[in-house]
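Quick note on labels: first sequence line is chain A, next is B, and so on, each numbered from 1.
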2 protein chains.
Amino acid sequence: MTNIKKVSELAGVSTATVSRTLKSPELVTEHTREKVMKAVQQAGYRPNWLATSVKTGRSNSIVVLVPNLVNPFFMRIIEGIEQGAQEKGYSVLLGDTQGKASREHEYASMVLTNRADGLIQLDHSFPFSANDAALAEKVPMVSVCERIEGERRYPFIELDNYAAGRALTHHLISYGHSRFGIIAGQRTSQIHHDRLAGIKSVLKEEGIDFADNMLVGGSYRIETGIEGIQQLFDRDVPVPPTAVFCFNDDIAVGALYELKRRGLRVPQDVSITGFDNVKVSAYMDPPLTTVDQPAYEMGRRAVDVLAQLINRQPLQRTREILPFQLLERGSTGPVKI
Amino acid sequence: MTNIKKVSELAGVSTATVSRTLKSPELVTEHTREKVMKAVQQAGYRPNWLATSVKTGRSNSIVVLVPNLVNPFFMRIIEGIEQGAQEKGYSVLLGDTQGKASREHEYASMVLTNRADGLIQLDHSFPFSANDAALAEKVPMVSVCERIEGERRYPFIELDNYAAGRALTHHLISYGHSRFGIIAGQRTSQIHHDRLAGIKSVLKEEGIDFADNMLVGGSYRIETGIEGIQQLFDRDVPVPPTAVFCFNDDIAVGALYELKRRGLRVPQDVSITGFDNVKVSAYMDPPLTTVDQPAYEMGRRAVDVLAQLINRQPLQRTREILPFQLLERGSTGPVKI
DNA sequence: CTGTTAGCGCATTCAC
DNA sequence: GTGAATGCGCTAACAG
């Protein structure tokens, strides 16, 4: 292990001077700087990051809790987080929670043991165990694309899900639809409620009924889309929906698959909408009408906010609602007469 | 900051005893253990992980270099890495390189500064800068699903790409195909050469010609699939291919999209194959014939090997070639007469 | 501008 | 079985 002491001996200076040369070169004569740099080069010296961190009390790492790595939407957010983190000098510790509380607790505790300086939560749960809740009081934490339930003290960055729900509904109504189904993802989350409320508000305004049993689903997976269609079209309801809201693109992919399998045409027989604007959604047959979320920007913004929290800087605002974009593509069309 | 000293005072013991109680409880009387644990509880003490790490010289972290986070195949590997790492007590630092050498250098250097104990490379390049190459000599590094070019000293875990290429070719030939196109991903990588060699070996055995200009593409993206089809079907070649090998599922998605857009039916007019068995590939219309890679297991295995390297344990073998599985689905069929 | 000194928080000798 | 002392590698205060 080549350490600072060896370099200092090699350069014929003190360890402090070596440290200074590397961290604040302007505090050092050009002459010594050259001497030191030469020794650094020669010894192949790299400062031990662990030691620096103990000393400064900062790990310069952040941990990201994500329920599912294989979801391209989350990964796009994490790309943004990574980019933002890198620019600010943070490393990203990946916390794949699989949606399990125990794993959330484990990863969240990293910030309690100085392994990370802050936490970004992509899921909607409060990630600390009951045991750690007290310790977690002052932990820098931000949630992005979701909102931590029952916790008003943590900032969040999310989409205007309510407005997006309204926009999707208006879009479908403009095509003449009046019988709707919904295949939802996680039903306990705040964004679920927002989207649902957005949809229902328009239906109410338009005097359209929505029966509770037309809301199915419960997770953001392709299989949920398949099962959702089965439930919506198999039951004894005399009139199946002519349009189905899917609460993410994966669900929509499953729904599209299952509708086709049943010989139903999209959008001639049934219109469907997705959510997130995942890359493949544009290349489906037909391409999915969906809501674009600025995932990458959300990730970057989350790092900005987290960094301010870590540095105890005041936040301008604690909640950021980002605009969405409705992408009208081929999976929606006029209602069948 | 509640540190070990506070706890020791609270428990009326020395700091050494607190440390022992937490790390090796068996070295301590039950009586003192209880005393200490109570104090730990009461103080809400969590050992500072940074300090522990400086002391032991181990960060218990590994860094994973991945060229693209949005590719579900890579993410499946990383799921496996995460799981394996967690079981072995390692944390995963995410290094999204975007395929850029500068970012690779930056992330790879983490293992030079004790920020990580080892490195898993998912891409095919030697990730250290020329400057760091000497220092990197003894760095624990493993590559998975690719092979680090020109470096024989690092172990790798990968698929039998040669055999997979052969299997795909046999499959298509059994359907009567004899005019092939290939849309490749990164052409410089070892796995590219292996797959290509596999395909060509069968063609040669069967006496089938393959013109060099039927190999197109250059990156693992949907757009590459689209452009690839354009190149293969637009050129002045009198006879376009009846079957196209796509070197991953994303490319196949693009190819499928573009073929349909041109009014060509899959598989009636053109057969296509993917690679990786990404989740959505099964739900395309038609579902993609593809090669399943045991991505999750590859990730787990990579951690096993890396851990052995970190602990300077001898490796049984330095190169692991895993079996693949050919999934025959709807995107391949008999050649059109 | 540079060197000396004193820790950061913890783990590990070595005595007892 | 436990405590006192030492040091991991580095940075920050203070002198000079």
Side-chain angles (χ1 to χ4, degrees), chain A residues 1-40 43-61 89 109-117 135, chain B residues 1-40 43-61 89 109-117 135:
Chain A
M1 180 50 52
T2 150
N3 55 19
I4 199 170
K5 198 169 167 205
K6 253 185 218 144
V7 177
S8 72
E9 287 166 1
L10 206 68
V13 298
S14 74
T15 61
T17 302
V18 176
S19 176
R20 271 192 289 259
T21 310
L22 262 28
K23 303 287 164 182
S24 332
E26 69 278 6
L27 297 181
V28 145
T29 324
E30 192 175 330
H31 176 63
T32 30
R33 200 182 323 160
E34 281 171 6
K35 247 188 346 190
V36 171
M37 290 315 281
K38 209 171 109 189
V40 165
Y45 170 68
R46 307 292 291 255
N48 182 321
W49 170 85
L50 287 169
T52 307
S53 292
V54 199
K55 196 53 191 144
T56 61
R58 291 263 180 129
S59 71
N60 286 313
S61 300
S109 74
M110 289 178 144
V111 73
L112 300 174
T113 57
N114 290 48
R115 194 161 188 165
D117 298 335
L135 297 173
Chain B
M1 182 48 52
T2 150
N3 56 18
I4 199 170
K5 198 167 168 209
K6 254 183 216 145
V7 177
S8 73
E9 288 165 1
L10 205 67
V13 298
S14 72
T15 61
T17 301
V18 176
S19 176
R20 272 193 285 259
T21 309
L22 263 28
K23 303 288 163 182
S24 333
E26 70 278 6
L27 297 181
V28 143
T29 323
E30 192 175 329
H31 177 61
T32 31
R33 200 183 321 161
E34 279 170 9
K35 250 191 338 194
V36 171
M37 291 315 281
K38 209 171 110 189
V40 165
Y45 171 67
R46 307 292 290 257
N48 183 321
W49 170 84
L50 288 169
T52 306
S53 293
V54 199
K55 200 50 193 145
T56 61
R58 292 266 179 126
S59 71
N60 286 312
S61 301
S109 73
M110 288 177 147
V111 73
L112 266 21
T113 58
N114 289 47
R115 194 160 188 166
D117 298 334
L135 297 174

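- Taking side-chain N and O atoms only, K55(B) has no distance below 4.0 Å to OP1 or OP2 of dT12(C).
- H31(B) places its NE2 atom 13 Å from the C1' atom of dT2(D), with the value rounded to the nearest Å.
- For L50(A) against V54(B), the heavy-atom pair with the smallest separation is O-CG2, 3.9 Å.
- As a whole-Å value, the separation of L50(B) CG from dT11(D) C1' is 14 Å.
- Rounded to whole Å, the distance from CG on N48(A) to P on dG9(D) is 7 Å.
- Applying the 4.0 Å criterion to OP1 and OP2 of dT2(D), one finds that T29(B) has a side-chain N or O inside that range.
- When the side-chain nitrogen and oxygen atoms of S14(B) are compared with OP1 and OP2 of dT2(D), none of them lie within a distance under 4.0 Å.
- Distance, R58(B) CZ to dA11(C) P: 15 Å, rounded to whole Å.
- Listed here is the closest heavy atom pair of L135(B) and R46(A): CD1-CG, 4.0 Å.
- Side chains of D117(B) and S59(B): a donor on one and an acceptor on the other come within 3.5 Å.
- When each of A51(B) and R20(B) is assigned the nucleotide of DNA chain D bearing its nearest heavy atom, the one mapping closer to the 5' terminus is R20(B).
- Here OH of Y45(B) is found 13.0 Å from CG of L10(B). Values are rounded to the nearest 0.5 Å.
- Put simply, T52(A) has no side-chain N or O that comes within less than 4.0 Å of OP1 or OP2 on dG9(D).
- V28(B) approaches T32(B) most closely through the heavy-atom pair CG1-OG1, 3.4 Å.
- Summarising the geometry, the separation between CG on N60(A) and C1' on dC10(D) is reported as 14 Å, rounded to the nearest angstrom.
- Between dG9(D) and N3(A), a contact under 4.0 Å exists linking OP1 or OP2 to a side-chain N or O.
- Checking dG9(C), dC10(C), dC10(D) against every side-chain atom of I4(B), the shortest atom distance belongs to dC10(C).
- Put simply, T32(A) has a side-chain N or O that comes within less than 4.0 Å of OP1 or OP2 on dT2(C).
- Closest approach to the A16(A) side chain among dG9(D), dG3(C), dC10(C) is made by dG3(C) (side chain taken as heavy atoms from C-beta onward).
- Here V18(A) lies out of heavy-atom contact (under 4.0 Å) with every strand.
- Residue S53(B) is out of contact with every strand shown, counting any heavy-atom pair closer than 4.0 Å.
- dG9(C) atom C1' lies 16 Å from atom CZ of R46(B), rounded to whole Å.
- Distance CH2 (W49(A)) to C1' (dC8(D)): 15 Å, rounded to an integer number of Å.
- Within the 4.0 angstrom heavy-atom criterion, only backbone atoms of the sugar-phosphate kind lie near T17(A); the bases stay farther away.
- In this entry the distance linking CG of L27(B) with P of dT2(D) reads 10 Å, nearest Å.
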